Amino acid sequence: MRIIVIGGVAAGAKAAAKARRIDASHEIIMYQDEAEMSYSACGMPYVISGVIENERSIIIRTPEEFAKQGIQVWTRHRVVAIDAAKQQLTVKNLNEDTVTSIGYDRLIIATGAAPIVPSVPGITLQGVLTLRSFSDLARFKTTLTELQPRHAVIIGAGYIGLELAETLHSLGIKTTLLEKSLRILPKFDPDMAQLVHDYLLENQVDILLGDGLAQLNGSDGKVSAVQTETGRIIPADLVVVAIGVKPNVNLAQAAGIQLGCTGAIAVDARMATSISGIYAAGDCCETLNRLTGQPTWLPLGDIANLQGRVAGENAAGGDALFPGVLGTAIFKTFKCAVAITGLSEKAAFDAGYNPVSVKMTANDCAGYYPGKQVLTLTLTANRNDGRLLGCQAVGSGKVDKIIDIAATALLGRLTCSELENADFAYAPPFSPVLSPIIVAASLLS
Ligand code: FAD
């Protein structure tokens, strides 16, 4: 059987590797339109800041390593059409500008997502960047070297914008975040988002809310200022557009594959699309929110890997399921970690729950132990039955630990009174005698 994978970064690479592990006899081919494949986009901000010295270290596996596993990789090859009736692909060799056809038995679409780039005047000026692909990373680094920017504007205060605020600040570039919404981090409760907002201001990042990008001004072909919708002019010799991404679905859509209500490819729990024998995984497809039961689109690397694994297994003849997501995510800006799992109070309310929340600030280890750090967490539960619905945590402390405990509790559908009596690991360097999440749960039980 021949399995073809379209796209070879996170979901595609994982799918191909899993398919190979399930059955050594299948022919597996992966097409990737970029020159690089199987890299961690998540590591890019740290390559730019220099925390990661060698950009090649974010490449997880090379085509040669895949070849050793019996997976053929064709980089700089773009699949331009899927003929689902004939089970055939049209593939363009981007190096030689030639086109060939190839048949498949099973197909995995892992075409990912692409940055949203507004078509405003000046968008093509030098110094206007996005960050998504490996070539974006190269362009980012070259631009920093060539322009030696002093003032940056990041358009969009989502997690990539906030990560990059730290990156640019660490390079000595004065940074302004321009955000069209009235607050940053809309998935968080407003008071938790405000903590991050205040923290960024303390770290000399300017934030302009409720205003959008109107146009980019330039001189000598280089960007010189951002003009906002309300007429503000912000001088900038570097502009990063980070207003979000959209799923790459054109190929699938043209083949007659059904999209879901989020605009990404619709899949079932086996990652199967609406056309038999064709699977999808990663940022190009939607999934189910386990708490609301509704389709959701959450373009994140861990989800792409989890889904890729399931798609690969099923394409190779297995029967794996991906049950959906809780919406767990984390990032860091300066020394502040910001994380969420499950539903915010508003999202819980919108989903028909009767939410109640508690917020508290605590040390992340014994108060007398050197190096203790602080974190603030909000726990949200369903007032009717005490079931935990969500957790948000912000601070320099061990936020990741709190969020992963909460995510596990959500998976187990625990109530706050069940969580309150969990005997988590304790010794002074690791935790207060009662973990902050236990204390928060006790306040809700
Ligand atoms: P992609 O990474 O988009 O890969 C799809 C590949 O397929 C692309 O190379 C694309 O060019 C190629 N392709 C598309 N169409 C075709 C075609 N027709 N033929 C051939 N090839 C094609 N996620 C986290 O969970 N945590 C993080 O900390 C985090 N940080 C991030 C930081 C940055 C700066 C960025 C950009 C992303 C970050 N992410 C993070 C998101 C994560 O990188 C993505 O969710 C993940 O890369 C998705 O993987 P994917 O394989 O589905 O899609």
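What you see is a predicted model, and the numbers here were worked out from it, not measured in a lab. As the structure lists them, so they are numbered: ligands from 1, and atoms in each ligand from 1.
Side chains of Lys141 and Val47 form a contact here, defined as non-hydrogen atoms less than 4.5 Å apart. Side-chain contact between Ile234 and Leu208 is present, with at least one heavy-atom pair separated by less than 4.5 Å. Side chains of Ile3 and Tyr279 form no contact here, defined as non-hydrogen atoms less than 4.5 Å apart. For the pair Lys92/Asp97, a side-chain contact is recorded, criterion being any heavy-atom separation below 4.5 Å from C-beta on. Side-chain contact between Phe66 and Ile28: absent, with no pair of heavy atoms (C-beta onward) separated by less than 4.5 Å.
Taking a 4.0 Å cut-off on heavy atoms, Tyr31 registers as neighbouring ligand 1. Under a 4.0 Å heavy-atom criterion, Phe134 is not in contact with ligand 1. Not a single heavy atom of Met37 sits under 4.0 Å from any atom of ligand 1. The shortest separation from a heavy atom of Ala110 to ligand 1 is under 4.0 Å, placing the residue in contact.
Per-residue contacts place His77 under 4.0 angstrom from the following atoms of ligand 1 (heavy atoms of the residue considered): 20 (C). Contact atoms of ligand 1 toward Gly282: 52 (O) (distance under 4.0 Å to a heavy atom of the residue). The Leu251 neighbourhood of ligand 1 comprises atoms 18 (N), with distances under 4.0 Å to a heavy atom of that residue. In summary, the atoms of ligand 1 found under 4.0 Å from a heavy atom of Arg78, numbered by their order in the structure, are 17 (C), 18 (N), 19 (N), 20 (C). Atoms of ligand 1 found under 4.0 Å from any heavy atom of Gly112 (numbered from 1 in listed order, with element): 1 (P), 3 (O), 5 (C), 52 (O), 53 (O). With ligand atoms numbered from 1 in the order given, ligand 1 contributes 48 (C), 49 (O), 52 (O) to contacts under 4.0 Å with heavy atoms of Ala304. For ligand 1 and Glu34, the ligand atoms under 4.0 Å from any heavy atom of the residue are 8 (C), 9 (O), 11 (O). Taking a cut-off of under 4.0 Å to the non-hydrogen atoms of Thr111, the atoms of ligand 1 that pass are 5 (C), 7 (O), 14 (C), 15 (N), 16 (C).
Taking only nitrogen or oxygen atoms, main chain and side chain alike, Ile6 does not reach within less than 3.5 Å of ligand 1. In terms of N/O distances under 3.5 Å, ligand 1 is not approached by Ile330. Taking only nitrogen or oxygen atoms, main chain and side chain alike, Cys284 does not reach within less than 3.5 Å of ligand 1. Taking only nitrogen or oxygen atoms, main chain and side chain alike, Gly301 reaches within less than 3.5 Å of ligand 1. On a distance-only criterion, Asp283 and ligand 1 share at least one N/O pair closer than 3.5 Å.
No side-chain donor from either of Thr167 and Ser49 sits under 3.5 Å from a side-chain acceptor of the other.
Under a cut-off of 6.0 angstrom, the local environment of NZ in Lys332 is crowded, with over 12 non-hydrogen atoms contributed by other residues, nucleotides or ligands. No more than 12 heavy atoms of other residues, nucleotides or ligands shown are found within 6.0 angstrom of CH2 on Trp74.
Contacts with ligand 1 closer than 4.0 Å are made by no heavy atom of Ala13, backbone or side chain.
Put simply, the residue from Arg2, Arg20, Arg106 that forms a salt bridge (Lys or Arg N to Asp or Glu O under 4.0 Å) with Glu27 is Arg2. For the pairing with Leu177, the side-chain contact (heavy atoms from CB on, under 4.5 Å) check across Asp206, Val205, Leu164, Val240 returns one residue only, Val205. Each of His169, Arg150, Gln204 was evaluated against Lys174; a single residue qualifies, Gln204, per the side-chain contact (heavy atoms from CB on, under 4.5 Å) test.
Among all protein heavy atoms, the one lying closest to atom 40 (C) of ligand 1 is Cys42 SG, 3.1 Å. Distance from atom 49 (O) of ligand 1 to its nearest protein heavy atom, with residue and atom name: Ala10 CB, 3.3 Å. Distance from atom 36 (C) of ligand 1 to its nearest protein heavy atom, with residue and atom name: Leu131 O, 3.3 Å. When hydrogens are left out, the protein atom nearest atom 39 (N) of ligand 1 is Tyr159 OH, 3.1 Å; that is the closest non-hydrogen contact. For atom 33 (C) of ligand 1, the nearest non-hydrogen atom of the protein is Ala41 O, 3.5 Å. Atom 50 (P) of ligand 1 has Ala11 N, 3.9 Å as its closest protein atom, hydrogens excluded (heavy atom only). Counting protein heavy atoms only, atom 3 (O) of ligand 1 is closest to Arg132 NH2, 2.8 Å. In terms of protein heavy atoms, atom 10 (C) of ligand 1 is closest to Asp33 OD1, 3.5 Å.
The nearest pair of heavy atoms linking Ser357 to Thr380 is OG-OG1, 2.8 Å. Residues Pro63 and Met37 share a closest heavy-atom pair of CG-SD, 3.9 Å.
Look at Glu36 and Arg56 and you find a salt bridge, because one of the NZ, NE, NH1 or NH2 atoms lies within 4.0 Å of a carboxylate O, short of that distance. In this structure, Lys180 does not pair ionically with Asp211, as no charged nitrogen and carboxylate oxygen lie closer than 4.0 Å.
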